Amino acid sequence: MKLLIKGGQVVDTVGLRLIRQDVLIEDGLVAALGNLDGEDAEVLAAEGLLVAPGLIDLHTHLREPGYEAKETIFTGARAAVRGGFTCVQAMPNTRPVTDSGAVAAFVRRRAMEAGWAEVLPAGAITVGQEGRELAPLGELKEAGVLAVSDDGHGVVSAGLMLNAMRYARMCGLMVISHCEDATLSAGGAMNEGYTATRLGLKGMPALAEEVMVARDILLAGETLCRLHIAHISTAGSVRAVREAKARGVPVTAEATPHHFTLTEEACEGYDTDTKVNPPLRGARDVAAVLAGLADGTVDAVATDHAPHTRAEKEVEFDLAPFGICGLETAVPLVFTELVHKGVVSAARAVALLSREPARILGLPAGVITLGAPADLTLIDPGLERTVDPASFESKGRNTPFSGRRLTGWPVAVVKGGRVLMRDGKLTAGAN
Amino acid sequence: MLGKDLLGLEYMSRETIEKILDTAGPMREIMHRSIKKVPALRGRTVVTLFYEASTRTRVSFELAAKYLSCDTIGIASAASSVAKGESLKDTARTLAAMQPDIIVLRHPLAGAAALLAREVGAHVVNAGDGAHEHPTQALLDLFTVREKKGRIEGLKVAIVGDIAHSRVARSGIWGFSRLGARVFLAGPATLMPEAVEKTGAVVASLEEALQDADVVMMLRLQTERQKSGLLPSLNEYAVLFGLNRDRLGLARPDALVMHPGPMNRGVEITPEVADGPRSVIVEQVENGVAVRMAVLYLIAGGGSRHETLD
């Protein structure tokens with residue numbers, strides 16, 4: 001079975017160029033690149049489209065096991081494909097927590113059964129993500145986990161985090177840090193600042209993130225453990241990462257589309273779909289995150305896809321859970337806010353969503369090369385559409401971008417040579 | 001003039017505020033008649049929905065409604081039921097189905113009144129939502145000051161205490177500023193909200209705030225603040241920020257002393273000052289009823305339930 005992707009601009013995520021090339025896929029692998037005739041191949045017309053490596057999301061919450069009303073691995077993996085992602089990392093704050101090889105294996109098996117996007121389980125740093133005892137990192141590594149994180153909480157104890165980094169490095173695991181000192185942010189519902197003051201909501205200061213970014217950078221410098229800063233959101237954090245990289249500390253960082261697009265002012269009116277952790281920050285922070293993306297301080301874009309049920313969000317702001325559904329709006333937000341506004345080139349934008357996350361996780365992916373698995377995402381950079389949560393494949397509808405006109409949408413996804421999405425719609429099935 | 005709901009003073013125009021204050025005067029006269037009832041809102045129903053213990057605000061609203069011939073129903077819900085049981089949205093839908101004209105809501109969480117207002121066709125009057133706003137308190141404070149001083153414009157108003165957790169302070173800042181007063185804020189650094197100076201209010205030391213003030217508004221200190229590590233002790237608070245006779249001497253000789261109540265005598269204010277000649281604390285309570293009559297009348301008066309007076 002052959003598939004020819006014809007007429008598109010192939011994104012070179014290493015050289016950061018767009019190359020007019022056709023892509024021939026045979027037996028699930030990239031078989032040829034160039035000006036090709038595929039007489040006997042099925043043709044996927046790609047005129048005017050970017051042909052990108054399959055996109056990779058470092059940071060999603062697929063909620064299974066334990067919170068299937070919010071999302072399942074099946075619906076999450078479908079949402080991923082619809083958003084242009086062929087691979088996502090699922091955070092371990094499920095019920096039970098992914099703090100054992102068994103839960104990690106369960107996530108992998110469920111993803112396999114679902115088909116659609118590949119799902120990489122991230123393991124917990126501490127048992128139950130309770131911040132007290134180390135999770136069995138060796139067992140998690142054996143079960144195929146690439147990174148560990150207590151995402152959802154910061155690891156409050158510096159001593160425990162130091163041990164976690166030492167042990168993770170020994171196991172060859174990366175540590176992903178949700179940087180939040182709960183003693184500074186407890187009880188908060190949005191960014192500390194003038195908007196919170198006006199709304200009468202308790203603020204979560206930028207400092208709560210920054211003190212832990214600074215601490216974890218020091219610990220990574222000491223242990224030489226690979227450290228990845230999740231959802232970086234403040235100017236101080238971006239500055240700390242930039243300085244750490246200059247000193248050679250093995251640290252990387254990701255930013256979410258909502259943190260580079262929206263400010264705390266979106267919380268006006270107490271719309272709980274704007275309640276997210278870390279919170280939407282001030283204009284100065286958004287500018288710093290954009291600058292970090294532009295100069296490479298921030299390595300990747302990740303969604304922190306965090307679906308919740310309608311009922312959970314339709315409550316008082318203080319009572320609503322944190323989280324924004326991000327998988328199905330990430331690509332158009334990257335193109336609208338980063339590419340079309342000149343922050344990064346289209347090729348760099350694609351790299352932020354593919355090669356960079358692959359590099360961070362140590363995956364041989366995110367580049368289109370001969371012989372590589374044919375995981376490809378076709379993006380129409382000029383396609384203009386309105387965000388319609390009702391059309392989401394995700395069970396979650398909690399997005400502050402509902403009704404927003406965005407330009408640059410994923411239109412087709414090929415994974416292992418099979419077309420999983422065409423014309424913006426999922427195909428009949430992955431399996 | 002007043003929209004469907006009264007949620008706060010932040011976005012209320014000077015004209016609207018003045019209209020409410022102008023209406024409150026005649027309303028207070030009604031309170032002093034032997035038959036304290038006018039048929040202005042006969043056949044209208046007011047529900048007071050209180051998720052927080054409050055005596056004075058609830059009684060004030062219910063009396064205001066009764067003096068205007070409204071039918072009133074009071075629903076008190078323990079604060080503990082907020083986090084469990086029926087959601088506010090479901091409660092709102094249930095209440096809305098019973099067709100009340102006005103719902104007065106007191107709630108411990110900011111934004112609750114806005115949430116209710118989105119869900120119901122009835123007029124919603126915010127009687128305090130978390131640390132957000134308490135607009136009728138500020139309106140009664142404005143009414144009291146305007147009556148005593150003849151004006152608001154140009155006055156120096158000191159608001160002292162736990163600004164961070166105070167909805168009275170926020171509504172006061174908006175209301176007094178909009179009518180042309182200069183608002184000074186003083187209190188412990190740990191109880192001063194971030195960037196509050198962007199409201200136009202001046203953050204100052206207690207002495208700077210009190211110096212030549214025309215109005216001194218002391219806020220209630222919640223004793224939990226000490227337990228959460230924001231204050232060393234109530235005694236230290238009383239020493240550093242309590243209003244006593246000496247400190248009041250910094251203010252203008254005719255300065256008004258106000259307090260939204262209930263007072264912690266001996267903490268934020270000495271009994272001597274609270275009961276002294278400059279205190280208008282009791283008048284604030286009376287004016288509260290008049291101002292709430294004005295609000296209910298203006299928000300629901302005149303034509304059908306979805307119309308406003310002006």
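Chain letters run A, B, ... following the sequence lines, proteins first and then strands; every chain starts at 1. Keep in mind that what you see is a predicted model, and the values were worked out from it rather than measured.
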- Please name the residue in the list A/Val315, A/Asp318, A/Leu201 that meets the side chain to side chain contact (heavy atoms under 4.5 Å, CB included) test with B/Leu109. A/Asp318
- Note on the structure: Heavy atoms of A/Gly200 and B/Ala110 approach each other most closely as O-CB, 3.5 Å
To the nearest 0.5 angstrom, please state how far the [atom1] atom of [X] sits from the [atom2] atom of [Y].
| X | Y | atom1 | atom2 | answer |
| --- | --- | --- | --- | --- |
| B/Ile163 | A/Thr197 | CD1 | OG1 | 11.0 Å |
| B/Leu115 | A/Asp271 | CG | CG | 11.0 Å |
| A/Arg198 | B/Glu133 | CZ | CD | 10.0 Å |
| A/Glu316 | B/Leu88 | CD | CG | 4.5 Å |
| A/Tyr270 | B/Leu7 | OH | CG | 9.0 Å |

- Relative to chain A, which segment of B/Arg167 carries a heavy atom at a distance below 4.5 Å: side chain, backbone, both, or neither?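 When you check distances to chain A, no heavy atom of B/Arg167 falls under 4.5 Å.
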- Is it the side chain or the backbone of B/Ser166 that comes within 4.5 Å of chain A heavy atoms, both, or neither? neither
- Have a look at A/Glu314 and tell me which of B/Arg118, B/Arg93, B/Lys89 forms a salt bridge (charged side-chain N to carboxylate O under 4.0 Å, His left out) with it. B/Lys89
Answer yes or no: does atom [atom1] of [X] have more than 12 heavy-atom neighbours from other residues, nucleotides or ligands under 6.0 Å?
| X | atom1 | answer |
| --- | --- | --- |
| B/Glu10 | CD | yes |
| A/Arg404 | CZ | yes |
| B/Leu230 | CG | yes |
| B/Arg14 | CZ | yes |
| A/Arg405 | CZ | yes |

- Message: Would B/Val196 and A/Tyr194 count as a side chain to side chain contact (heavy atoms under 4.5 Å, CB included) here? Give the steps.
- Response: CA-CA 6 Å; B/Val196 71; A/Tyr194 184 49; over 6 Å; no
